[in-house]
J.: 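I have a structure I would like to understand better, so I am pasting it below and will then ask my questions one at a time.
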Amino acid sequence: MRNVDGNFETRLRSELPEDVFRDLGPRYLEEPRGLFQATDGLLLAPRNVDQVSSIVAACHAACVPVVPYGGGTGLVGGQVMPSEACARPVILSLERMNAVRAIYPDENVVVAEAGVIVADLQAAAEGVNRLFPLSLASDGSCRIGGCLSTNAGGVNVLRYGNARGLCLGLEAVLPDGRIWHGLKRLRKDNTGYDLVNLLCGAEGTLGVITAASLRLFARPKSVGTALLVVQDPQAALDLLSLAQEQVGEGVSAFELISGTGFAFLAEAGLGGPHPFDARPAWSVLIELGLGAGLSAQDALTDLFAAALEAELVVDGVIAQSGAQRDALWKLREDIPLANRHIGAISSHDISLPLSVIPSFLCQADAALASMGLFRVNGFGHLGDGNLHYNVFPPKGHVKREFDGQVAAIRKVIYDLVHQFGGSFSAEHGVGRLKADELERYGDPVRLAAMRSIKSALDPKGIMNPGVIFRAR
Ligand SMILES: Cc1cc2nc3c(=O)[nH]c(=O)nc-3n(C[C@H](O)[C@H](O)[C@H](O)COP(=O)(O)OP(=O)(O)OC[C@H]3O[C@@H](n4cnc5c(N)ncnc54)[C@H](O)[C@@H]3O)c2cc1C
């Protein structure tokens, strides 16, 4: 692997317009948790797929690494290549490929370039009375190309699936610079291997996504949100079953919030007013979205009554207005910010079969307690089995004091996740952060197949080296 040098840059400047070459600001060298840091790179921001193709072909010819860059919000270090791996890679930002190319409301399809911010895509869909359901706390800054590349999840996976499930077709530049024109708008296309599924979740290791055709949905006519207090995670799961029995697919979000999460919000001065007198140990933010002629408010009132009767919930509040709904969501969406304020020793984005989650939480808490005094905030997208199980120092201490224990904590948690049949990465990807875990917990036959795919498509290994697989 070679660094960008003067010759390479001069050759590229002779092929591409001047405005593709950008000043490298610090945001391209850092990632949100500060775990990976780059020092340099040649920042290129092409305007179209042909320019992406020229850049990647030049990198392929010269063996220069390419780091695709979307919104920079990824949480596993995929968008930042530390200088030990390569001092000066090409950083390929898709930020100027940000056009919504076409919307087909009758087909429920939108075709968007990779650099479109997710919130803008949601707004474009709303403009034609449709829903683009990918929704995550970073959606004001993450870009659809980055979300597809990490197969992002968020709060609506329970009902609408993850980013991969929303993608019908792709336009992409393969590692040798060839353009794959795959922007189909088909829901059925059984014509061999599925490159869409391969590139989604590849975290920039198999090529650069430049545009995607994506599914849209009818907008629910009636939306209702409630925060319900439950005794424990098992009661939360029983409440999910009850909600699904009562309103079926109408349950669009089902988020677990722990008492520690509320305590952290208070400590950080975030989240806004608290709806209960005392901080509940466990609660669930539930959202229903129903069709015409149905009232989500009524459905939530019925659910609340039935759950009280079944002793699954002990308290709760149903939002009576848009402002109250926003206030409830703010509690949930500020939790990652509060976590950052406290400073996690180690964060774990895990998924588990639903029924084992209560046992996992008990065993993980007990295992950690045997290692020292920690605070745990286990919260997240319970409805789809995805928890963020994050470990923090006790009050009055800072995470730096526990640096020596990070590796042991991660191993204890991920070993347990593995034993319970779960995944060490639910929605953030593998990136550079979890490449060792993939080696440790990945099925060897699957890993061998993945390596064969990587070396078939990218024999020189220029695409985002060190991501998913450790750099050799
Ligand atoms: C506050 C906060 C909340 C979050 N909440 C969630 C959540 O609820 N659910 C969730 O899933 N994630 C969440 N994330 C993580 C993050 O937002 C997602 O991983 C998102 O998908 C990353 O998109 P991005 O555009 O910022 O990509 P980047 O961070 O720029 O890149 C991510 C990866 O994709 C690659 N990549 C980027 N663009 C392309 C492209 N066009 N072609 C090929 N490869 C590319 C990069 O090389 C990198 O490996 C959160 C992050 C933050 C900071």
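The chain is numbered in sequence order, starting from 1. Counting starts at 1 for both ligands and their atoms, in listed order.
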J.: Does atom CZ of R400 have more than 12 heavy-atom neighbours from other groups under 6.0 Å away?
T.: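 Incorrect, the count does not exceed 12.
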
J.: Test of understanding: given a 4.0 Å heavy-atom threshold, classify the contact between E31 and ligand 1 as side chain, backbone, both, or neither.
T.: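 Neither; no heavy atom under 4.0 Å.
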
J.: With a 4.0 Å cut-off on N to O distance, would you call E249 and R159 a salt bridge?
T.: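 Judged by the 4.0 Å cut-off on N to carboxylate O distance, E249 and R159 do not form a salt bridge.
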
J.: Determine whether the aromatic ring centres of H341 and F264 lie less than 6.0 Å apart.
T.: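 Centroid separation for H341 and F264: 6.0 Å or greater.
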
J.: Would you say G154 touches ligand 1, if touching means a heavy atom closer than 4.0 Å?
T.: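 Per 4.0 Å heavy-atom rule, G154 contacts ligand 1.
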
J.: Do N108 side-chain atoms and R215 backbone N/O form a donor-acceptor pair below 3.5 Å?
T.: no

J.: Just to confirm my output: which protein heavy-atom neighbour is closest to atom 30 (O) of ligand 1, and how far is it?
T.: G70 N, 2.7 Å

J.: May I ask you to list the atoms of ligand 1 that are less than 4.0 angstrom from any heavy atom of L94?
T.: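 Per the distance check, 41 (N).
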
J.: Between F217 and Y160, is the ring centre distance below 6.0 Å?
T.: yes

J.: When you measure from atom 31 (O) of ligand 1 to every protein heavy atom, which one gives the shortest distance, and what is it?
T.: Q79 CB, 3.8 Å

J.: Which ligand 1 atoms are under 4.0 Å away from a heavy-atom of A152?
T.: 11 (O), 21 (O)

J.: Ion pair present between E171 and R101, side-chain N to carboxylate O less than 4.0 angstrom?
T.: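 So E171 pairs with R101 through a salt bridge.
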
J.: My understanding is that we take every heavy atom of each candidate and find the minimum distance to atom 12 (N) of ligand 1. Doing that for V173, L136, D139, I335, which one comes out nearest?
T.: L136

J.: Can you tell me if V208 contacts ligand 1 (heavy atom of the residue under 4.0 Å from the ligand)?
T.: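 So V208 counts as touching ligand 1.
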
J.: Provide the number and element of each atom of ligand 1 under 4.0 Å from a heavy atom of G207.
T.: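 It comes down to these atoms of ligand 1: 43 (C).
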
J.: Would you mind checking which non-hydrogen protein atom is closest to atom 4 (C) of ligand 1, with the distance to 0.1 Å?
T.: S138 OG, 3.7 Å

J.: Quick one: which of E203, E427, E333 has a heavy atom closest to atom 9 (N) of ligand 1?
T.: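 That would be E427.
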
J.: Taking the six-membered ring where the residue is Trp, are the ring centres of H348 and H428 under 6.0 Å apart?
T.: no

J.: Give the single entry among A137, G146, G72 that approaches atom 28 (P) of ligand 1 most closely by any heavy atom.
T.: G72

J.: Taking only heavy atoms of G204 into account, list the atoms of ligand 1 that are under 4.0 Å away from them.
T.: 43 (C), 44 (N)

J.: Would you please determine whether G431 falls within less than 4.0 Å of ligand 1 on a heavy-atom basis?
T.: no

J.: For the pair R375 and E267, find out whether any cationic side-chain nitrogen is under 4.0 Å from an anionic carboxylate oxygen.
T.: yes

J.: Is there a polar contact between ligand 1 and N464, counting only N or O atoms under 3.5 Å apart?
T.: yes

J.: Apply the test side-chain contact (heavy atoms from CB on, under 4.5 Å) to residues L35 and L433: give CA-CA distance (whole Å), side-chain angles for both, the deciding distance (0.1 Å), then the verdict.
T.: CA-CA 8 Å; L35 297 174; L433 183 66; 3.9 Å; yes

J.: Examine the proximity of ligand 1 to N162 and report which part, side chain or backbone, both or neither, has a heavy atom under 4.0 Å away.
T.: neither

J.: For atom 11 (O) of ligand 1, grab the closest protein heavy atom and report residue, atom and distance to one decimal in Å.
T.: G153 N, 2.8 Å

J.: State, yes or no, whether a side-chain contact exists between T260 and V376 at a heavy-atom distance under 4.5 Å.
T.: no

J.: Do me a favour and list the nearest non-hydrogen protein atom to atom 21 (O) of ligand 1 with residue, atom name and distance?
T.: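 The protein heavy atom lying closest is T150 OG1, 2.8 Å.
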
J.: Determine the interplanar angle of the Y389 and F360 rings, folded into 0 to 90°, and report it as parallel if under 30°, tilted if 30 to 60°, perpendicular if over 60°.
T.: perpendicular

J.: Run the salt-bridge test on K454 and E203 with the 4.0 Å N-O cut-off and return the result as yes or no.
T.: no

J.: Ignoring hydrogens, just give me the one of S141, G74, P68, G71 whose non-hydrogen atom is nearest atom 29 (O) of ligand 1.
T.: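 Minimum heavy-atom distance to atom 29 (O) of ligand 1 goes to G74.
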
J.: Can we say D415 and R440 salt-bridge, meaning some charged N sits less than 4.0 Å from an Asp/Glu carboxylate O?
T.: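 The answer is no: the pair does not qualify as a salt bridge.
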
J.: Quick one: which ligand 1 atoms are inside 4.0 Å of a heavy atom on G78?
T.: 47 (O), 48 (C), 49 (O)

J.: Could you check, using the six-membered ring where one of them is a Trp, whether F262 and H274 have ring centers closer than 6.0 angstrom?
T.: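 Here the rings of H274 and F262 have centres that are less than 6.0 Å from each other.
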
J.: Can you figure out which of I209, L134, T210, I468 has its heavy atom closest to atom 41 (N) of ligand 1?
T.: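 Among I209, L134, T210, I468, the closest heavy atom to atom 41 (N) of ligand 1 belongs to I209.
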
J.: With heavy-atom distances below 4.0 Å as the criterion, list the atoms of ligand 1 near C142.
T.: 23 (O), 24 (P), 25 (O), 26 (O)

J.: Show the atoms of ligand 1 that are less than 4.0 angstrom away from any heavy atom in A114.
T.: 41 (N)

J.: For atom 15 (C) of ligand 1, find the nearest protein heavy atom and state the residue, atom name and distance (0.1 Å precision).
T.: T73 O, 3.6 Å

J.: Which atoms from ligand 1 have a heavy atom of L75 less than 4.0 Å away?
T.: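 The atoms of ligand 1 under 4.0 Å from a heavy atom of L75 are 14 (N), 15 (C), 50 (C), 51 (C).
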
J.: Taking atom CZ of R47 and atom CG of D19, what is their separation to the nearest 0.5 Å?
T.: 5.0 Å

J.: Can you pull out the closest protein heavy atom to atom 35 (C) of ligand 1? Residue, atom name and distance to 0.1 Å, please.
T.: S149 CB, 3.9 Å

